[in-house]
Amino acid sequence: MRFSNCLRIFYLYHFYVKNFQYLCTLKMKADMGLELTEQEQIRRDKLAEFTEMGINAYPAELYEVNVTSKDILEKYPQDNSLFQDVSIAGRIMHQRVMGAVSFYELQDSVGKIQIYAKRDELCPGEDKSLYNKVYKRLDIGDIIGVKGFVFTTQTGEISIHVKEFKLLCKSLRPLPIVKTKDDKVYDAFQDPEQRYRQRYVDLIVNPHVKETFIKRTLLVNTMRDFLNKKSYLEVETPILQPLYGGAAARPFKTYHNKLDMTLYLRIANELYLKRLIVGGFDGVYEFSKDFRNEGMSRFHNPEFTQMELYVAYKDYYWMMNLVEEMVGEIAVALHGTTKVQVGDNIIDFKPPWKRYTMYEAIEHFTGTDISGMDEEEMSRFAKSIGVEVDSSMGRGKLIDEIFGEACESHLIQPTFIYDYPVETSPLAKAHRSIPGLTERFEAVCNGKEICNAYSELNDPIDQRARLEDQLELGKRGDNESMVVDEDFLRALEFGMPPTAGLGIGIDRLSMIMTNSASIQDVLFFPQMKPEPKKIVAPDEDFLQIGIEKAWIPVLRKLHINTLQELKEQNPNQLLNQLGGMRKKLKLDVDTVTLEKIENWISKIE
RNA sequence: GUCUUCGUAGCUCAGUCGGUAGAGCAAUUGACUCUUAAUCAAUGGGUCCGGGGUUCGAAUCCCCGCGAGGACACCA
């Protein structure tokens with residue numbers, strides 16, 4: 001008994017000491033808060049006030065939620081007896097205070113709902129401070145939990161009548177204010193730089209952004225289900241690779257200390273998945289984050305996601321069928337139909353898709369049959385349609401460039417292009433009947449490649465020759481060519497069954513399926529250059545040359561953040577400025593003198 | 001990498017010919033017991049991205065950076 005009393009005293013003591021320390025911290029921050037904007041400072045002051053009133057702005061215990069905004073808005077109109085005892089939590093997005101009554105909009109993970117609170121109900125007694133000092137002074141962005149019942153207001157909006165509320169998190173930064181009326185959005189938060197750098201803000205204020213990412217996940221889940229239903233095995237292969245291969249791209253290079261070796265971040269996982277087919281799996285796939293050290297654009301991010309699939313005893317025709325079926329299913333899962341609006345076009349993913357050989361496509365769009373041309377004729381033709389040609393380009397590269405220039409951007413509806421030249425397809429099996437071509441196809445949609453697939457090359461001797469040809473190309477100045485992966489060749493020499501392989505760009509497909517113009521819109525955190533950071537010297541630097549602590553934030557306010565910057569000041573001017581700031585901020589410090597300032601400056605190295 | 005557009009208050013933006021930096025929302029204070037882009041009144045808030053230059057005077061004109069968007073190049 002005595003022991004437990006001691007414990008209680010100890011805990012009480014502990015609580016007060018901690019709270020006191022916290023208050024001190026808050027006040028201190030408030031004092032040195034000269035770098036904060038006015039609105040941020042006001043929010044911190046409010047936080048300190050709340051704390052002083054005994055309100056914990058960051059409570060630890062869970063808050064029971066028994067309903068979502070969406071549930072209420074969907075089901076309440078059908079049955080007004082529902083939701084008479086709800087508990088819900090969310091972020092305050094909008095406040096309309098009418099004196100003793102207030103309407104807030106609360107945003108939870110699936111939507112928004114209006115909440116209604118009345119002073120005399122929240123504060124039945126004489127003391128109205130819970131409403132006047134706390135509820136009314138909550139800010140946009142604060143997260144609260146409320147309990148009450150659902151009703152319809154006089155103007156017909158389904159709302160929650162608040163009987164009690166609890167602050168769950170005080171927000172210290174003002175959110176962008178986006179207003180909506182009749183589906184028209186005012187002051188939309190759409191500066192791309194801020195949206196991508198601070199995606200959390202983007203997600204809070206732009207509900208359609210959340211939709212995009214939910215669709216992306218649904219896309220991935222649908223694809224995974226589709227593949228699992230066919231009993232293919234989802235696997236994981238190395239991201240850190242001693243040799244990079246499986247695509248033509250420049251890699252990111254890194255270093256392992258203990259092994260004392262260079263490693264590369266994978267540009268593709270193709271060669272590892274094929275080793276697994278050699279090992280005896282009939283179907284393997286991986287959603288693979290790949291990394292390519294190249295230029296960025298609205299279609300390219302340094303890291304991106306591909307799904308690669310390899311299935312034994314199949315060929316590329318079979319794989320075409322799988323792709324159109326799978327992507328068709330994805331469209332239906334996301335949109336309820338195979339027709340998807342993308343920009344100004346409606347794209348229909350309903351199988352079967354159009355199929356052209358590469359030569360057919362070029363002939364279709366240019367009117368010229370290039371299949372019989374030699375390298376020189378082809379080079380002339382390429383130049384004539386505006387392709388930049390250089391000496392490192394072989395025949396295959398030329399065909400590829402001609403296709404890119406003349407055809408790709410015109411292919412809006414999903415179309416398979418197949419039978420690619422052997423020179424640019426070092427991992428694809430030679431065509432069963434046409435020399436110089438490979439059994440490879442790409443699906444092009446909305447003018448962009450969305451996937452790439454082959455009947456995989458499983459002839460180890462041909463494979464070695466092709467990889468060596470790539471090295472030869474490398475010597476001609478084509479820096480994308482690959483390194484020979486001896487272990488991969490060794491695996492092929494044990495024998496890989498005939499296999500169909502596929503790589504499908506998840507980001508590109510997401511762009512199309514969500515009607516997004518930029519890859520940055522389907523990546524939560526697209527790569528950005530770092531934000532420029534101000535260099536701010538620590539307090540000690542200033543203290544060391546004899547500056548009183550109170551003046552340090554003032555100097556920072558004047559944008560004097562380092563001793564070097566201080567040294568460059570005109571002492572007379574600084575004297576005036578410091579005097580001015582002292583008055584303006586009503587600082588409780590002795591005035592500075594010119595002598596003192598000169599003394600500071602003289603001590604700087 | 002090249003070309004091009006942009007960078008002003010917490011947010012969205014205006015700023016004329018180079019002459020005291022503005023609006024709406026947000027914030028603060030006050031009024032308001034069913035509002036909804038709530039309303040009404042008052043108030044505060046600025047490194048005009050950074051650094052140079054021209055000028056009596058620069059948010060504005062010129063140069064050099066930084067960051068972002070777009071196009072091209074690159075990327076099968």
Side-chain angles (χ1 to χ4, degrees), chain A residues 36-43 45-46 94-105 112 114-121 131 137 139-141 151-157 159 161 172-182 184-197 201 205 247-250 267-268 292-302 304 358 388 396-397 399-401 403-404 408 417 420-421 423-428 438 440 442 444 448-449 451-452 454 478-481 503 505 517-518 520 526 528-534 557-561:
Chain A
L36 297 174
T37 65
E38 186 191 29
Q39 295 198 42
E40 288 170 324
Q41 188 55 57
I42 286 165
R43 283 175 181 232
D45 292 346
K46 269 187 199 171
H94 214 99
Q95 296 173 300
R96 292 181 286 271
V97 178
M98 311 210 24
V101 167
S102 46
F103 297 87
Y104 292 175
E105 265 166 36
K112 284 183 198 169
Q114 178 170 270
I115 61 172
Y116 166 85
K118 204 167 168 179
R119 183 186 61 203
D120 296 342
E121 285 179 35
Y131 181 81
R137 302 189 62 227
D139 288 307
I140 290 175
F151 74 112
T152 307
T153 62
Q154 285 174 15
T155 42
E157 180 160 351
S159 308
H161 191 120
L172 297 181
R173 282 178 190 262
L175 282 170
I177 304 298
V178 181
K179 295 203 171 186
T180 314
K181 192 195 184 182
D182 304 330
K184 245 174 99 180
V185 179
Y186 298 82
D187 299 338
F189 178 68
Q190 53 193 6
D191 172 27
E193 179 163 5
Q194 292 192 80
R195 286 186 49 222
Y196 302 145
R197 284 195 198 281
V201 175
V205 302
R250 290 210 299 276
I267 57 173
R292 297 188 182 175
N293 204 342
E294 319 229 326
M296 290 164 63
S297 76
R298 73 196 178 89
F299 294 100
H300 299 86
N301 193 64
F304 65 102
M358 202 165 205
E388 270 183 58
K397 187 88 179 166
I399 296 172
D400 206 55
E401 292 287 328
F403 174 77
E408 199 168 27
I417 304 294
Y420 278 64
E423 293 90 335
T424 53
S425 314
L427 299 164
T438 57
R440 168 182 175 187
E442 288 189 2
V444 179
K448 278 279 162 191
E449 170 203 342
C451 80
N452 186 13
Y454 332 125
D478 182 344
N479 58 9
E480 298 153 16
S481 56
S518 166
Q520 296 169 111
M528 301 286 268
K529 288 202 186 182
E531 290 178 78
K533 220 187 152 200
K534 265 191 294 184
K557 181 79 177 172
L558 293 169
H559 309 114
I560 301 166
N561 286 316

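A note on names: the letters A, B, ... follow the listed sequences, proteins ahead of strands, and every chain is numbered from 1. Every value quoted in this text rests on a predicted model; they were computed, and no experiment measured them.
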Inset, instruction - Could you tell me whether A/Tyr116 contacts a base, only the sugar-phosphate backbone, or nothing, with contacts defined as non-hydrogen atoms closer than 4.0 Å? - result: base
Legend entry - Complementary nucleotide for B/rC40 - Watson-Crick or wobble, under 3.5 Å: B/rG30
Inset, instruction - Flag the pair A/Arg96 / A/Glu105 as yes when at least one side-chain heavy-atom distance between them is below 4.5 Å, and no otherwise. - result: yes
Inset, instruction - Could you check A/Thr152 against A/Ser425 and say which one's nearest nucleotide on RNA chain B is further toward the 5' end? - result: A/Thr152
Inset, instruction - Using only heavy-atom distances, determine whether the side chains of A/Gln39 and A/Thr37 contain a donor-acceptor pair under 3.5 Å. - result: no
Taking N or O atoms only and anything under 3.5 Å, show me the protein contacts with nucleotides 68-72 of chain B, one pair per line.
from   : atom 1 : to       : atom 2 : distance (Å)
B/rA68 : OP1    : A/Lys529 : N      : 2.9
B/rA68 : O4'    : A/Glu193 : OE1    : 2.9
B/rG69 : OP1    : A/Gln520 : OE1    : 2.6
B/rG69 : OP1    : A/Gln520 : NE2    : 3.3
B/rA71 : OP1    : A/Arg298 : NE     : 2.8
B/rA71 : OP1    : A/Arg298 : NH2    : 3.2
B/rA71 : OP2    : A/Arg298 : NE     : 3.2

Inset, instruction - Starting from the 5' end of RNA chain B, give me the residue, A/Val97 or A/Glu449, whose nearest nucleotide shows up first. - result: A/Val97
Legend entry - Salt bridge flag under 4.0 Å for residues A/Arg173 and A/Glu40: yes
Inset, instruction - Examine the base of B/rU12 for any acceptor or donor lying under 3.5 Å from a partner atom in the side chain of A/Gln190, and report the outcome as yes or no. - result: no
Inset, instruction - Report yes if a side-chain nitrogen or oxygen of A/Arg96 is closer than 4.0 Å to either non-bridging phosphate oxygen (OP1 or OP2) of B/rU35; otherwise report no. - result: no
Inset, instruction - Quick one: label A/Tyr454 by what it contacts on the DNA or RNA (base, sugar-phosphate, nothing), any heavy atom closer than 4.0 Å. - result: base
Inset, instruction - Look at A/Lys179 and B/rA26 and indicate whether a side-chain polar atom (N or O) is within less than 4.0 Å of OP1 or OP2. - result: yes
Legend entry - Whole-Å C1' distance, B/rC72 and B/rA27: 45 Å
Inset, instruction - Answer with base, sugar-phosphate or nothing: what part of the nucleic acid does A/Lys46 contact at a heavy-atom distance below 4.0 Å? - result: sugar-phosphate
Legend entry - Protein-nucleotide distance (A/Phe151, atom CZ; B/rU33, atom C1'), rounded to Å: 12 Å
Inset, instruction - Output yes when at least one side-chain N/O atom of A/His94 is less than 4.0 Å from OP1 or OP2 of B/rA38, else no. - result: yes
Inset, instruction - Could you tell me which nucleotide pairs with B/rA23 by Watson-Crick or G-U wobble geometry, both distances under 3.5 Å, or answer none if nothing does? - result: B/rU12
Legend entry - Side chain to side chain, A/Asp400 and A/Tyr420, heavy atoms closer than 4.5 Å: yes
Inset, instruction - Could you work out the separation of B/rU43 and B/rG67 based on their C1' atoms and round it to a whole Å? - result: 35 Å
Inset, instruction - Identify the two heavy atoms, one from A/Lys448 and one from A/Glu408, that lie closest to each other, and give their separation to 0.1 Å. - result: C-OE2, 4.2 Å
Legend entry - Identified pairing partner of B/rC3, criterion: Watson-Crick or G-U wobble below 3.5 Å: B/rG70
Legend entry - Whether A/Arg298 side chain and A/Ala517 backbone form a donor-acceptor pair below 3.5 Å: yes
Inset, instruction - Examine the base of B/rA26 for any acceptor or donor lying under 3.5 Å from a partner atom in the side chain of A/Gln39, and report the outcome as yes or no. - result: yes
Inset, instruction - Find out whether A/Pro302 and A/Met296 are in side-chain contact, i.e. whether some heavy atom of one side chain is under 4.5 Å from a heavy atom of the other. - result: yes
Legend entry - Interatomic distance where CD belongs to A/Glu408 and P belongs to B/rC74 [whole Å]: 13 Å
Inset, instruction - May I ask you to decide if A/Glu294's main-chain N or O and A/Arg250's side chain share a donor-acceptor pair within less than 3.5 Å? - result: no
Inset, instruction - Calculate the interatomic distance between A/Leu175 atom CG and B/rC11 atom C1'; express it in whole Å. - result: 10 Å
Inset, instruction - With C1' as the reference atom in both, quote the distance from B/rU54 to B/rC40 in angstrom, rounded to an integer. - result: 50 Å
Legend entry - Atom C1', compared across B/rG24 and B/rU39: separation rounded to whole Å: 15 Å
Inset, instruction - Name the nucleic acid region contacted by A/Glu40, choosing base, sugar-phosphate or nothing; use a 4.0 angstrom heavy-atom cut-off, strictly under. - result: nothing
Inset, instruction - Answer with base, sugar-phosphate or nothing: what part of the nucleic acid does A/Asn452 contact at a heavy-atom distance below 4.0 Å? - result: base
Legend entry - Distance between P atoms of B/rG1 and B/rG65 (Å, rounded): 12 Å
Inset, instruction - Using the C1' atom on both, measure B/rA58 against B/rG50 and round to a whole Å. - result: 16 Å
Inset, instruction - Whole angstrom is fine here: how far is it from CD in A/Gln114 over to C1' in B/rC34? - result: 9 Å
Legend entry - d(NZ, A/Lys118; C1', B/rC32) in whole Å: 15 Å
Inset, instruction - For residues A/Glu442 and A/Asn452, report the shortest heavy-atom separation together with the two atoms involved. - result: CG-OD1, 3.7 Å
Inset, instruction - Give, for atom OH of A/Tyr454 and atom OG1 of A/Thr438, the distance between the pair rounded to the nearest 0.5 Å. - result: 8.0 Å
Inset, instruction - Give A/Thr153 one of three labels, base, sugar-phosphate or nothing, depending on what nucleic acid heavy atoms sit under 4.0 Å from its own. - result: base
Legend entry - Interatomic distance where CD1 belongs to A/Ile42 and C1' belongs to B/rU28 [whole Å]: 5 Å
Legend entry - Between B/rA37 (C1') and A/Gln95 (CD): distance, integer Å: 15 Å
Legend entry - Nearest non-hydrogen partners of A/Ala249 and A/Arg292, listed with the distance: CB-CD, 3.5 Å
Inset, instruction - To the nearest Å, give me how far apart CD (A/Glu294) and P (B/rA73) are. - result: 15 Å
Legend entry - Heavy-atom pair with the smallest gap, counting every atom of A/Tyr131 and A/Ala100: OH-C, 3.3 Å
Write out a two-atom table: protein N or O, nucleotide N or O from nucleotides 2-5 of chain B, distance below 3.5 Å.
none

Inset, instruction - Identify whether any heavy atom of A/Val205 sits under 4.0 Å from a base atom; if not, whether one sits that close to sugar-phosphate; answer base, sugar-phosphate or nothing. - result: nothing
Legend entry - Distance, C1' atom - from B/rG19 to B/rU60, rounded to whole angstrom: 11 Å
Legend entry - Distance between C1' atoms of B/rU20 and B/rG57 (Å, rounded): 12 Å
